[in-house]
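The analysis underlying the following values was restricted to heavy atoms, covering all of them including side chains, and did not include hydrogens, waters or symmetry mates. Chain naming here is simple, since letters A, B, ... match the order of the sequence lines and numbering starts at 1 in each.
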Amino acid sequence: MLLVVCPHCGPRDAGDFHYLGATSPRPDPATVTEQAWRTYLHLRANVGGWQHETWYCRACRQHVVLERNTLTNEFRDPPVDPLGGVR
Amino acid sequence: MTTRRLPGAGAELNRDEPFTFCWNGAPVAGFSGDTVVSALLAGGHDVISRSMKYHRPRGVLTADYWDPNCMVQIGSEPNVRGAHRLAAPAMDVRAQNVWPSLRHDVKAANALVGRFLTAGFYYKTFMQPRALWPAYEHVLATFAPGGSVDLDAEPPRCDIRFAHPDVLVAGGGPAGMAAALAASRAGADVLLVDHGHRLGGHLRWGSGDDRARAAQLAAAVRAAGVEVLTDATVLGRYDGSWVGINQRTAPGVWERLVKARAKCLVVAPGLIERPYVFAGNDHVGVMLSGAVRRLLNMYGVVPGERAVVFSANPDGAAAACDLRSAGVEVTVVDASTGVRLERVEGSRRRAQAAVLSDGRRLDADLVVTAIGWTAPTTLTNMAGDRPVYDEASARFFPDRLPPDVLVAGGLAGDGSVDELVAHAHATGAMAARRGLTVRAQLRRATPRADPTVTSVPPDADEPVPLGRDPHPALFMAGSHGIVDYSEDVSSKDIVDAAAEGFDSVELVKRFTTSTMGPSQGKLETVNTVAVLAQELGTTIGRLGTTVWRPPYAPVSLGALAGRNDIPRRVSALQDWHDKHGAVPLHAGNWLRPDHYGDPAAEAANVRNAVGVIDVTPLGKLDLCGPDVADLLELVYVNRWRKLAVGAVRYGVMCTEDGIVMDDGVTARLADQRYLMTTTSSGAAAVWEWLERWLQQERPQWDVRVTPVTPAYTSINVAGPRSRELVAGLVDDIDVSPDGFPYMQVRTGTVAGVGDCVLLRIGFTGELSYELHVPAGFGLHVWEALLATGAALGIRPFGVEAQRILRLEKGHFIVGQDTDGLTRAASAGLGGLVKLDKADMVGRPELGWAAARTDLPMLVSILTDDPSVVPVEAAQIVEPGTNAIRGRITSSRMSPTLGRSVCLGQVDAALAHPGCALTIRLPGGAQVGARVHDQPAFVDPEGVRLRG
């Protein structure tokens, strides 16, 4: 089981989190095309390497954006600021 | 029967504690410390089981946990490793996979048809015709090996423990003990796990000096404060150095799963002796050198009278020496002379002679082989390594390991005990450094952690690699024999598989089932590879081995599941429900009253008088702050900005792909305070959902979300007389129709309890009040309602009656009548969706869906025959072709109408009032039905509700 590093709670079992997948910026709903919206909904790059992803920590109830290497499951330190970081 | 017990021998035994147990109903003597099988052998019981396919008599091969044909039934417990499980007084041990008895097994006739039971037999024979498969399955099931499960037996208690060692050492032989000791002395928290009942590894069945060495190391390990788990198996290593351990002997439980987050793992499982493939290698009395030494030195059992030892290494010589000391007549055949073991001849009872390649035929009731080792690279394999075959030493070695996995002992190389201990000592010190480094990293990553910094020991020297002793490559003698003793796979089967074109080990494994039995390849894998390599004209190194997967040893489902007692959520009224005959319903984690004996009568009572239902699991979120209305506008599809204080509105949430996610009502209690209700099953998800939008998309908004689901006891008071009832219990709320109209909220005192929230809403379609009472007073208010309502004909109702009532009103339930593909428009909510909002969750999808006319629709359905209640999930089909056009999502017999009522999803073309439908019931019968002209079956105008 992955050890996920929550910036608020520290390292915890992945079972304490809800994995929301690679971050996918939300397009402007007023102008978006069907294709762009569905890309946002369903398509992920599935990278082998570092990616930004969202985890919901059930301990502190925060959604955090973390950078994880999908090949090694390392988390990059320090984690990205959940509010000011990658979107 | 004469005993084969050597006087004074047997280091594991306590001769002061003799006892008897039962073997197939007859008494057998044993001592404390005996395994089931060592006691059986001492008593002269050589045949322990019949083999899986051919039902050949089988006995001891390895005399340890992996012994493939020593599985027995003990009481109600099947498939016990008899050569590992300690015997106990009065145990009821029985042979498995035999009928009518171990001695006279009728399925031994399979041996006569053996040539038909070759590799792939089942796949080829029972493929066609498909319709006959149920019959095949029934017959094959009677041939399945294994013990019998006693379904009436009390399920054993298991539990799960979490551990966080700095260093976890898998294997408690000399190397594992030395590594644990060194790691502990370097300051690490160490967990040492061993398969056996005591620490010591191969020293336990060695000489007196070996055993003294083991005892000395074990004492030092315990003195150093290392936590030791014996009779425990490391099952696997997973991401993040997560290691599962099955602890078979733990106080108070039958088995315990230990989930360890090992910061560094030392793998020191030792080596597993490999059987030799030759004709007759499964005769009773053919054993590995390790088996002989275990029996003699641990249990004082002399396994034969006249032995031939075929030896290619010092362990064979040691076994021969031990046998001679025990008075056995021994002939040693030294493999280095080039003479090979051709075959072993024997009777149905036992081996009788060994035939050698030089033509000699040596009488023997015991044939011992010592032809080499299998390196159990399971755990290193799970750490991402592919082991590499070393020709010179004729075994696999780990290749490239991650920094948090180290190896010691036989897996790392060869040497004397001193050399192995020295290497393991250095490895343990390094493991401590790495483990403590990880611990310090984890601590640094933990905000507000204890400021005492973990000290990391200074750099130590890399362990000097162990040497590798050359070993002859001996896998298969000149004749075909058994490769997999558990699955009854012979080398001939593997050759046949190769002839059929299976040229990879992974495929041959699956085709022949070699390595797939309870030993899981520990004894069979390398021989399988060797036979296949020989047949394909390649080498073991080029062919490679199969990937070892968890678990290392079979684990009971009970241990994986842990405790049986799942935590249950209950409302403050649950004791009352229990005392009043409620039939429980498990809804997620909640325990709820399904009904109190007669759901139809409960429902009718709501229509005619008044009823109360405990709806505490209803999700409740307290929303507070200046931007709550903005949040509601965002997450609900409808409009919220104009919701006045004191008003309630129904809302539907969709996900970003426009699928219905949840529904409920939200009440505005004060200017900046709202109470949101969600479905019972969606409470946690909606909370997370709101947080997600607030945290990630609208961090500038000021809204505080507090889950208050269990803080209130929620009671719905429903029925034409509910106003009278509520009026009798409140004094600061005007409940007149004008003072407290439909879709309004009031706060006040109910039955003397302040801070109650009352919502006038109606899921049941009747005049009703949803009361949210501070949970500590829930029971008081509930009892007050029942006492006051007695004169009004009150009766509690359960979830089933509520489901009937809402169905009569045509109200859908998210997740019951909708699914993961149901859009808002399909659920009849098109009118609710306000597309003129600048933004809301799923807005683009909701807009595109609104323009579509091809979406399936949720409709109310009446069957032509009012007495037929089609089961939920019954298909709606095209008559004739049976093409699926929809399905029934909810169905009940309506006590109000005296007929069945349904909701169902149908294709767009069928979704118009009066459309004739055909419902296909399970079993194939078809019934006619019609789409109803209103969503509601009862009171479509909502007169009762608004009254």
Does any backbone or side-chain atom of [X] lie under 4.5 Å from a heavy atom of chain B? Answer side chain, backbone, both or neither.
X      : answer
T31(A) : neither
E74(A) : neither
T54(A) : side chain
L41(A) : side chain

Checklist outcome for this item: Ranked by heavy-atom pairs below 4.5 Å to chain A, first place among D839(B), T655(B), L442(B), D657(B) goes to D839(B)
Checklist outcome for this item: Ranking E691(B), R692(B), R843(B) by heavy-atom pairs under 4.5 Å to chain A gives rank one to R692(B)
Judged by modelled atom types alone, do [X] and [Y] share a side-chain donor-acceptor pair under 3.5 Å?
X       : Y       : answer
T233(B) : N246(B) : no
H63(A)  : Q695(B) : yes
D819(B) : T822(B) : yes

Checklist entry - After noting the C-alpha distance and the side-chain angles of D13(A) and R261(B), does the key distance pass the salt bridge (charged side-chain N to carboxylate O under 4.0 Å, His left out) rule? => result CA-CA 9 Å; D13(A) 278 353; R261(B) 185 69 79 173; 2.4 Å; yes
Next on the checklist: Please classify the contact between V841(B) and chain A as side chain, backbone, both or neither, with a heavy-atom cut-off of under 4.5 Å.
Outcome noted: backbone
Item to check | Salt-bridge present (D159(B), R256(B); N to O < 4.0 Å) | outcome: yes
Item to check | Closest heavy-atom pair and its distance - C60(A), C6(A) | outcome: SG-SG, 3.7 Å
